[in-house]
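What follows is a single structure, written as structure tokens, with notes after it.
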Amino acid sequence: LTYDPICRKVRPHREQILVVCDEVDDFLDRDKLVFNICCNKSNSFDQPTKDYYHETSYAAYHGNSYPSDACDSSPNPSYWRELHAKFVAIFHEIQDASKSLNK
């Protein structure tokens, strides 16, 4: 992480965070940077929340629009719509950074 405001927020919690990054364009012939941020503590999310998260992140990763058919029935569809938009923005930012690193 090189963006100072994010570093200040993350640094105190670094012992509970694992970031795994791997560039997969070598065998997929695509510019993709796969990343996963994992907490070493278990979560207590219920299954429907996990399902909404999966649908939202899956759609963003695959370049699909917000999964309204799956998430609009949630108690807070605006949250999932906003999260999808953030995922898309993060994905594009990572792709741009990955392309500049590969030059």
Side-chain angles (χ1 to χ4, degrees):
L1 294 172
T2 58
Y3 186 59
D4 289 339
I6 293 175
C7 289
R8 280 192 293 275
K9 288 181 181 179
V10 171
R11 188 162 185 76
H13 306 285
R14 67 187 179 278
E15 295 299 322
Q16 289 82 35
I17 297 173
L18 170 65
V19 178
V20 180
C21 299
D22 186 21
E23 194 170 3
V24 297
D25 65 336
D26 296 339
F27 59 92
L28 290 180
D29 196 28
R30 288 187 236 163
D31 291 327
K32 294 256 184 226
L33 187 64
V34 175
F35 69 100
N36 192 7
I37 299 176
C38 308
C39 179
N40 64 2
K41 296 182 180 180
S42 63
N43 66 58
S44 60
F45 295 114
D46 58 17
Q47 190 59 47
T49 300
K50 293 176 187 176
D51 293 340
Y52 297 136
Y53 181 87
H54 176 264
E55 292 294 333
T56 302
S57 59
Y58 185 89
Y61 180 80
H62 289 284
N64 298 331
S65 60
Y66 165 75
S68 57
D69 56 332
C71 295
D72 279 352
S73 62
S74 77
N76 190 1
S78 62
Y79 171 81
W80 300 108
R81 187 176 304 277
E82 184 177 329
L83 185 62
H84 178 267
K86 288 179 181 179
F87 280 161
V88 169
I90 290 168
F91 182 76
H92 287 297
E93 185 176 334
I94 288 171
Q95 295 311 306
D96 290 343
S98 175
K99 288 176 185 175
S100 67
L101 289 173
N102 287 329
K103 289 183 179 181

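What's counted below: heavy atoms across the whole structure, side chains too, no hydrogens, waters or symmetry copies. This chain uses plain numbering: 1 for the first residue, then up along the sequence.
With rounding to the nearest 0.5 Å, the separation of CG in Asp51 from OG1 in Thr56 is 10.5 Å. Taken to the nearest 0.5 Å, the OH atom of Tyr61 stands 12.0 Å off from the NE2 atom of His54.
Closest non-hydrogen pair, Cys71 versus Tyr66, comes out as CB-OH, 3.2 Å.
The side chain to side chain contact (heavy atoms under 4.5 Å, CB included) check on Ala70 picks up Glu55, Pro67, with sequence neighbours excluded. With sequence neighbours excluded, the residues satisfying side chain to side chain contact (heavy atoms under 4.5 Å, CB included) with Tyr53 are Ser57, Trp80, Leu83, Phe87.
Sequence neighbours left out, the pairs with a member in residues 65-87 that pass salt bridge (charged side-chain N to carboxylate O under 4.0 Å, His left out) are Asp72-Arg81, Glu82-Lys86.
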